[in-house]
There are 2 protein chains.
Amino acid sequence: MVNIGEASRASGVSAKMIRYYESIGLIADAARTEAGYRTYQPGDVETLRFIRRARDLGFSVEEMTTLLALWRDKSRESAEVKRVALGHVADIERRIRELEGMARTLRHLAGHCHGDHRPDCPILDDLAEGIVSPAQPPAAKGFLRP
Amino acid sequence: MVNIGEASRASGVSAKMIRYYESIGLIADAARTEAGYRTYQPGDVETLRFIRRARDLGFSVEEMTTLLALWRDKSRESAEVKRVALGHVADIERRIRELEGMARTLRHLAGHCHGDHRPDCPILDDLAEGIVSPAQPPAAKGFLRP
DNA sequence: CATAGGGCTTCCCATGATGGGAAGGTCAAG
DNA sequence: CTTGACCTTCCCATCATGGGAAGCCCTATG
């Protein structure tokens with residue numbers, strides 16, 4: 001039976017976000033005191049901690065909705081949970097590959113830039129002309145400009 | 001002397017974004033015909049292509065502002081360009097590490113999930129209790145919940 | 001010349017997840 | 001009874017991007 005501030009401290013989810021999650025229906029509307037204050041039971045705080053951990057693992061609100069439903073469904077199939085988790089992993093890996101392509105290209109360009117007082121700079125040359133040397137990873141450009 | 005649609009096609013930047021970049025001052029206000037249509041010179045299109053490439057490398061609008069200024073400044077020091085580029089690389093690498101921590105944890109959890117018709121699931125168990133096994137990469141959790 | 005269609009204009013709204021802050025009600029301790 | 005901490009709702013901002021409406025403009029075709 002705690003207020004939103006206490007629930008926030010106990011779960012690591014900000015009060016702002018708790019209200020937001022309620023407003024979009026990720027969590028049920030909290031019970032209220034006569035004065036209109038939201039109150040949370042231990043089980044609610046547990047749910048918030050679940051959300052906090054899922055969020056830290058990069059799950060979207062939509063995915064968290066699915067995970068919460070599975071968590072509550074005692075007759076779930078673990079295969080479904082695994083599917084959601086691995087789908088998210090695939091998503092993360094795709095983003096990592098994107099970022100790695102960018103970093104690779106930039107490191108390559110920076111490696112050819114004197115980095116001194118002179119103005120000549122292959123980094124700007126590439127941005128301007130797109131004549132970036134193919135270098136080892138031709139995948140970088142292909143990935144970014146398909 | 002082309003319209004915004006032609007400039008968009010030639011640069012790979014959508015007309016919407018060209019107008020947006022103008023509105024926030026990333027690019028100068030385009031010249032207009034008597035009827036109010038924006039017109040673009042070859043040099044303007046070149047600038048848009050520069051922006052397109054910078055964007056594809058993950059630079060923010062703020063960073064693009066800096067890069068465009070350096071590009072135009074013929075007395076720039078390449079060291080500054082390199083500094084901006086490497087700063088961005090560091091940023092990308094930080095994001096990659098974050099994502100890798102998430103992926104590692106999730107792959108670990110999923111590896112221990114039967115993924116069949118039974119409801120038992122270490123993935124949900126971890127989200128609920130945070131008892132995730134430390135596994136090889138204890139960095140994953142420490143990274144996410146500092 | 002009139003009309004159709006495609007292109008252009010501005011303006012408003014939405015995204016996702018989060019925070020900031022204002023105006024005002026509530027509660028507990030002094 | 002006052003003070004300060006806490007709560008409420010509501011609005012706005014972020015960042016880069018797209019959707020769409022209402023209305024003007026231009027050109028090709030009948």
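By convention in this document, chain letters (A, B, ...) are assigned in the order of the sequence lines, proteins followed by strands, and residues within each chain are numbered from 1.
Regarding B/L26, its CG atom lies at a distance of 10 Å from the P atom of D/dT17, rounded to whole Å. Here the P atom of nucleotide C/dA14 and the OH atom of B/Y20 are 18 Å apart, to the nearest Å. Look at CD on B/E62: it is 9 Å from P on D/dA16, rounded to the nearest Å. One atom, CZ of A/F59, and another, P of C/dG16, lie 18 Å apart when rounded to the nearest Å. In this structure, CG of B/D29 is placed 10 Å from P of C/dT10, rounded to the nearest angstrom. Counting to the nearest Å, the C1' atom of D/dC24 and the CZ atom of B/R32 are 13 Å from each other. The separation between A/R19 atom CZ and C/dG21 atom P is 15 Å, rounded to whole Å.
Residue A/S60 places none of its side-chain N or O atoms closer than 4.0 Å to OP1 or OP2 of C/dG16.
Note on B/R55: only backbone sugar-phosphate atoms sit closer than 4.0 angstrom, heavy atoms only; bases stay farther off. At the heavy-atom level, B/Y21 lies under 4.0 Å from the strands shown only through sugar-phosphate atoms. At a threshold of 4.0 angstrom between heavy atoms, the contacts of B/R38 are confined to the sugar-phosphate backbone, with no base atom among them.
Within residues 42-50 of chain A, no residue has any heavy atom closer than 4.0 Å to DNA chain C.
Looking at the side chain of A/K16, the nearest of the listed nucleotides D/dA16, D/dC10, C/dT18 is D/dC10.
Heavy-atom nearest nucleotides on DNA chain D were determined for A/N3 and for B/M64, and the one closer to the 5' end corresponds to A/N3.
Using a 3.5 Å distance cut-off with no hydrogens or angles, the side chains of A/D116 and B/S78 do pair a donor with an acceptor.
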Trace of the side-chain contact (heavy atoms from CB on, under 4.5 Å) decision for A/Y37 with A/R32 = CA-CA 5 Å; A/Y37 282 25; A/R32 303 285 188 127; over 6 Å; no
Test A/R49 against A/V45 for side-chain contact (heavy atoms from CB on, under 4.5 Å), laying out the working first.
-> CA-CA 6 Å; A/R49 272 201 299 256; A/V45 173; 4.0 Å; yes
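One distance of note links NZ of A/K82 with CG of B/L109; it measures 11.0 Å at 0.5 Å rounding. Note that CG of B/D56 is 7.5 Å distant from CE of A/M102, once rounded to the nearest 0.5 Å.
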Encode nucleotides 24-30 of chain C as B, S and - characters from 5' to 3', where the letter depends on protein heavy atoms closer than 4.0 Å: B to the base, S only to sugar-phosphate, - to neither.
-> -BBS---
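The ring-ring contact (aromatic ring centres under 6.0 Å, His included) check on A/F50 picks up A/W71, with sequence neighbours excluded.
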